[in-house]
Amino acid sequence: MKKLVIFDLDGTLLNTIADLACSTNVALRANGFPEHATEEYNYFVGNGINKLFERALPPEARTEENILRIRKVFLEHYNRHNTDLSAPYPGIPELLEQLTERGVKLAVASNKYQEATCKLIAHFFPTTPFIEVLGQREGIKTKPDPGIVLETMAKAGVSKEETLYVGDSGVDMRTAINSGVTACGVSWGFRPRTELEEYAPAHIAERPEEILGFIAS
């Protein structure tokens, strides 16, 4: 029986790709760089926003200076507009409610920067009693480093065997492996199922309600 479920945010709880794409394109355009189609961003995200900007920039322009220029404009736009086009995936609010009713502890572990992670959770899941909501923080390694998961488990007071980590990407599956917890991939996110299968997770959910069955296994 799992006592703690830790969720990734982007591509797992929320479909945020349109807002991420829009704000990055605004920043690229403002700095004279070409923009990208929204679907291209599925492969740019997942490792924090600086890596997003690096991937979005032309190869010859991927300098620290340009990344910081893009970051400045992006943050100004995204902090104002990050709930415009984003929404929970169908079935996610109901899943969170049912897990809570069963007494399962819930948490979020994201590579999105902390301010936006907290804002999105508060906006879309205001009544869900997450015990911890952690994003990318200064001086703390990002996923797939296990630190964010181990920190959450310590706060929850649960063991690795009692923890299920849920995410949509190879980064998430590697995070679970590095943490020693049970991995659950989700097929509705930003990355294809084949990417998840490369890491042989214990579970791959096609629909959110399937996760209810996984916590008992």
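Position 1 is the first residue of the sequence; numbering continues from there.
With values rounded to the nearest 0.5 angstrom, Y165 atom OH is found 11.0 Å from C184 atom SG. Annotation: the span from I49 atom CD1 to E54 atom CD amounts to 13.0 Å, rounded to 0.5 Å. Interatomic distance, K112 NZ to L52 CG, rounded to the nearest 0.5 Å: 9.0 Å. Remark: N50 CG to Q136 CD distance equals 6.5 Å, nearest 0.5 Å. Note that OG1 of T38 is 8.0 Å distant from CD1 of I17, once rounded to the nearest 0.5 Å. Here the CG atom belonging to D10 is positioned 9.0 Å from the CG atom belonging to N15, to the nearest 0.5 angstrom.
When all heavy atoms of P34 and L28 are compared, the closest pair comes out as O-CD1, 3.5 Å. Closest non-hydrogen pair, S86 versus T16, comes out as OG-CA, 3.3 Å. Listed here is the closest heavy atom pair of S179 and V149: OG-CB, 3.4 Å. Nearest heavy-atom pair, V73 versus A30, reported as atom, atom and distance to 0.1 Å: CG1-CB, 4.2 Å. For the residue pair A61 and F33, the shortest heavy atom distance occurs at CB-CE2, 3.6 Å. The nearest pair of heavy atoms linking T182 to A202 is CG2-CB, 3.6 Å.
Under the 4.5 Å side-chain criterion, counting only non-hydrogen atoms from C-beta, E35 is not in contact with V26. The shortest distance between side-chain heavy atoms of N31 and I70 falls below 4.5 Å. Under the 4.5 Å side-chain criterion, counting only non-hydrogen atoms from C-beta, F124 is not in contact with I92. Within the 4.5 Å cutoff, no side-chain heavy atoms of K2 are placed close to those of T163. Contact annotation: the side chain of I211 approaches that of V166 to within less than 4.5 Å [non-hydrogen atoms, C-beta and beyond].
Taken together through direct or relayed side-chain contacts under 4.5 Å among Ile, Leu, Val, Met, Phe, Trp and Tyr, L14 and W188 form part of one hydrophobic cluster. Under the 4.5 Å side-chain heavy-atom criterion for grouping Ile, Leu, Val, Met, Phe, Trp and Tyr, V108 is connected to F214 within one hydrophobic cluster. Put simply, L13 and L85 are part of two different groups of oily side chains (I, L, V, M, F, W, Y) that touch within less than 4.5 Å, one to the next. Hydrophobic clustering of Ile, Leu, Val, Met, Phe, Trp and Tyr side chains at less than 4.5 Å, counting indirect connections, unites V186 with V5. Hydrophobic clustering of Ile, Leu, Val, Met, Phe, Trp and Tyr side chains at less than 4.5 Å, counting indirect connections, keeps I131 apart from F125.
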Kindly list each side-chain donor-acceptor pair under 3.5 angstrom involving residues 96-107, sequence neighbours excluded, with atom names and distances?
from, atom 1, to, atom 2, distance (Å)
T100, OG1, L96, O, 2.8
K105, NZ, A156, O, 2.6

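Atom CD of E138 sits in a sparse spot, with 12 or fewer heavy atoms from other residues, nucleotides or ligands closer than 6.0 Å.
Listed by first then second residue, pairs satisfying side-chain hydrogen bond (donor to acceptor under 3.5 Å, both in side chains) with a partner in residues 117-134 read N82-K119, not counting sequence neighbours. Legend: ring-ring contact (aromatic ring centres under 6.0 Å, His included) pairs involving residues 57-80, not counting sequence neighbours, sorted by first then second residue: F53-F74, F74-Y78, H77-H81. Counting only residues at least two apart or in different chains, side-chain hydrogen bond (donor to acceptor under 3.5 Å, both in side chains) contacts with residues 150-160 comprise R137-E151, S159-E161, S159-E162.
In the model, Y41 has a side-chain atom that pairs as donor or acceptor with a side-chain atom of N25 under 3.5 Å. At a cut-off of 3.5 Å, with distance as the only test, a side-chain donor of Y113 or N79 sits close to an acceptor on the other residue. In this structure, a donor-acceptor pair under 3.5 Å is absent between the side chains of N42 and R191. With no hydrogens or angles considered, a side-chain donor-acceptor pair links E206 and S187 at under 3.5 Å.
Among residues two or more places apart in sequence or in another chain, the side chain to side chain donor-acceptor pair (under 3.5 Å) test is passed with N111 by none. Partners of E197 under the side chain to side chain donor-acceptor pair (under 3.5 Å) rule, at least two apart in sequence or in another chain, are R193. For the side chain to side chain contact (heavy atoms under 4.5 Å, CB included) test, residues two or more places apart in sequence or in another chain that qualify with D145 are K141. Checked against side chain to side chain donor-acceptor pair (under 3.5 Å), R62 has no partners two or more places apart in sequence or in another chain. With sequence neighbours left out, the side chain to side chain contact (heavy atoms under 4.5 Å, CB included) criterion links P144 to V171, R174, T175, N178. Remark: P126 engages no residue in a side chain to side chain contact (heavy atoms under 4.5 Å, CB included) (not counting sequence neighbours). In terms of the side chain to side chain donor-acceptor pair (under 3.5 Å) criterion, residue partners of K72 (sequence neighbours excluded) are, by chain and number, E76.
Its side chain within the 4.5 Å cluster rule, I177 clusters with M173, L196, Y199, I204 among the Ile, Leu, Val, Met, Phe, Trp and Tyr residues.
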**Request:** Apply the test side-chain contact (heavy atoms from CB on, under 4.5 Å) to residues K143 and D172: give CA-CA distance (whole Å), side-chain angles for both, the deciding distance (0.1 Å), then the verdict.
**Result:** CA-CA 7 Å; K143 300 180 300 183; D172 292 310; 3.0 Å; yes

